[in-house]
Amino acid sequence: MTHPSRRLVIVVRADPVICGHSGEARNLAEVALTRGFDDVRLLTWPIPALQAAGLPLKPLDRLLPYSPGITVERPEPVGDYRVPDGRHLAGLTGRLVELLMEPVPTVCLSMYLVPHATVVADAVTAARAAGFAPDVLTVAKAVGSDVTNVIRSCLRDGRHGAAIALFTTFLSNDRVVAVSEYTRDEIVASAAEVDAQCGTRFAEQCRERVTISYPPIDVSAYIDLDEAAVDAALARRGLRRNEYVLYLSRVSRAKGIYDLITAYEYMRCRPQAKLVVAGTGPALEQARALAADDDRIVFLTDVDDAEKPLLMRGCAAYALPTRPEPDFVETFGIALTEKMLAGGGPVITTLTGGTGEAVDNAAIIVEPGDVHGLAAAIDRVVLDLSAAERADLERRARAHAMAFERAAVFDALFPGALRS
């Protein structure tokens, strides 16, 4: 039996989930094929499980294909209805054990600590306990909701045992990384709080070991766009260049969608610019209800990855007025950097969590929750910003966003790992 020479396994919520981190996994997988890995696996969840969870999903019939050499595996659950969520974890863990049993040098990356880091830890432990000697390097990447949802909820509810288990699993990996400096700081602060309550020593380890790995972006999908393709995409949607304000993200309260729709009522630019809300998410129906009497607000729920940069390129402004919520804080904002690469109208956002790292000095900043300030900022961009000012913002935005090019991010995340 012939085995591959090098393998990368990424355990993640992959496509079709609408999430920047599913895009991260795709980009890392594609680069891996150019870095000496001849077998790349995305280990993820069955689509029915994703649908049942209520996660926002992309159109299933228009998912972008992966390059040959990348395999998306969706292990079926193990057991019956009496083992609720554990059935899916058993499927993921069992499949990873099977891969580790093969004599193939392997890198395992888990994105989202809960539960993917647990899957990797359990699979490695099981393979070794069974007498195999997997040649494996494990990397755990903490993304936004790992901290702002899972860890923070543990601390808020006094569930210190769960927090201890999470930090122990995280730090058991060979390498531990965070998606932004903000996320790293939150990890250290949360670890210090657990230490203070429980007498553990997680914070010191996190300070010493956690490094930063920003989201990798396929810049080629956003720069040098075909302008005819932009116009054609807009025409299909009944839109015109520079005549709409774009919100393209998961539709949720924490992303500021309610603030944006409310602010649109006060905007002077309404006659010239529609508001286009592109995406799905938990607040979609409430957002539609809030906009029910406004025929200038357009909802698009079927935008795929190919259309996304075209809509970004054609807009007069891109608004993502994210705001901190108890269960979510924007820890980077991948869509912001994607938009900055695509060009078009300026980005308008808030300095919430890690968004400052995403946009640097190349965006228009408003205060979170300031509806009137948001309206005024969009009006200024659409109505008052000169061509020279727009061009300067676009130039600085693209220059900053180029730092997140996927090959450079890959090489920093896996320095010399298993490369020929």
Answer yes or no on whether Arg13 is positioned over the face of Tyr112, meaning its NZ or CZ is under 6.0 Å from the six-membered ring centre and within 45° of the axis.
yes
Kindly compute the distance separating CG (Leu393) from CD1 (Ile364), expressed to the nearest 0.5 Å.
5.0 Å
Salt bridge (charged side-chain N to carboxylate O under 4.0 Å, His left out) partners for Lys58, two or more places apart:
Asp15, Asp305
Please list all pairs meeting salt bridge (Lys or Arg N to Asp or Glu O under 4.0 Å) that have one or both residues in residues 214-230, counting only residues at least two apart or in different chains.
Asp218-Arg406, Glu227-Arg241, Glu227-Arg313
Taking Thr138 for its side chain and Cys108 for its backbone only, find out whether a donor-acceptor pair lies under 3.5 Å.
no
Sorted by chain and residue number, the side-chain contact (heavy atoms from CB on, under 4.5 Å) partners of Ser5 (sequence neighbours excluded) come out as Asp38
Asp379: what forms a side chain to side chain donor-acceptor pair (under 3.5 Å) with it, not counting sequence neighbours?
none
With Glu204 via side chain to side chain donor-acceptor pair (under 3.5 Å) - residues at least two apart
Arg201
Salt bridge (charged side-chain N to carboxylate O under 4.0 Å, His left out) involving Asp39 - partner list, sequence neighbours excluded
Arg7, Arg41
Measuring from Asn173:CG to Leu109:CG, what's the distance to the nearest 0.5 Å?
9.0 Å
Could you tell me whether a side-chain N or O of Glu357 sits under 3.5 Å from a main-chain N or O of Tyr182, the two making a donor and an acceptor?
yes
What class does the angle between the rings of Phe167 and Phe202 fall in, given that below 30° is parallel, 30 to 60° is tilted and above 60° is perpendicular?
parallel
List the atom of Ala283, the atom of Tyr258, and the distance in Å for their closest heavy-atom pair.
CB-OH, 3.4 Å
Check side chain to side chain donor-acceptor pair (under 3.5 Å) between Arg237 and all other residues, then give those that pass, not counting sequence neighbours.
Asp302, Glu307
Salt bridge (charged side-chain N to carboxylate O under 4.0 Å, His left out) filter on Asp259, not counting sequence neighbours, yields Arg323
Honestly, is Arg26 close enough over Tyr66, meaning NZ or CZ under 6.0 Å from the six-membered ring centre and within 45° of the axis?
yes
Which atoms form the tightest heavy-atom contact between Leu275 and Tyr264, and what is the distance?
N-OH, 3.6 Å
Among side-chain atoms of Glu186 and Thr183, is any donor-acceptor pair under 3.5 angstrom?
no
With sequence neighbours left out, write down each residue that passes salt bridge (charged side-chain N to carboxylate O under 4.0 Å, His left out) with Arg380, or none if nothing qualifies.
none
Looking at Glu243 and Lys274, does any basic side-chain N land under 4.0 Å from a carboxylate oxygen?
no
Taking Asp157 for the side chain and Arg159 for the main chain, is one N or O donor matched with an acceptor at less than 3.5 Å?
no
Can any side-chain N or O of Asp392 pair as donor or acceptor with the backbone N or O of Ala388 at less than 3.5 Å?
no
Hey, can you pull the donor-acceptor pairs under 3.5 Å for the side chains in residues 113-124, sequence neighbours left out?
from, atom 1, to, atom 2, distance (Å)
His116, ND1, Met111, O, 2.6
His116, NE2, Trp45, NE1, 3.0

How long is the gap from OG on Ser110 to CG on Leu92, to the nearest 0.5 Å?
12.0 Å
Is the NZ or CZ atom of Arg250 positioned over Phe328's six-membered ring, under 6.0 angstrom from the centre and within 45° of the axis?
yes
With a 4.0 Å cut-off, would you call Arg87 and Glu76 a salt bridge?
no
Mind listing the side-chain donor-acceptor pairs of residues 338-346 below 3.5 Å, one per line with the distance, residues two or more places apart or on another chain?
from, atom 1, to, atom 2, distance (Å)
Glu338, OE1, Lys308, NZ, 3.1
Glu338, OE2, Tyr222, OH, 3.2
Lys339, NZ, Gly343, O, 2.5
Lys339, NZ, Gly345, O, 2.6

Side-chain donor/acceptor of Ser213 to backbone N/O of Val177, under 3.5 Å
no
Using the side chain to side chain donor-acceptor pair (under 3.5 Å) rule, take Glu30 and Ser67 through it: C-alpha gap first, then chi angles, then the decisive distance, then the call.
CA-CA 7 Å; Glu30 294 288 347; Ser67 296; 2.6 Å; yes
What residues, two or more places apart in sequence or in another chain, satisfy side chain to side chain donor-acceptor pair (under 3.5 Å) together with Thr352?
Thr350
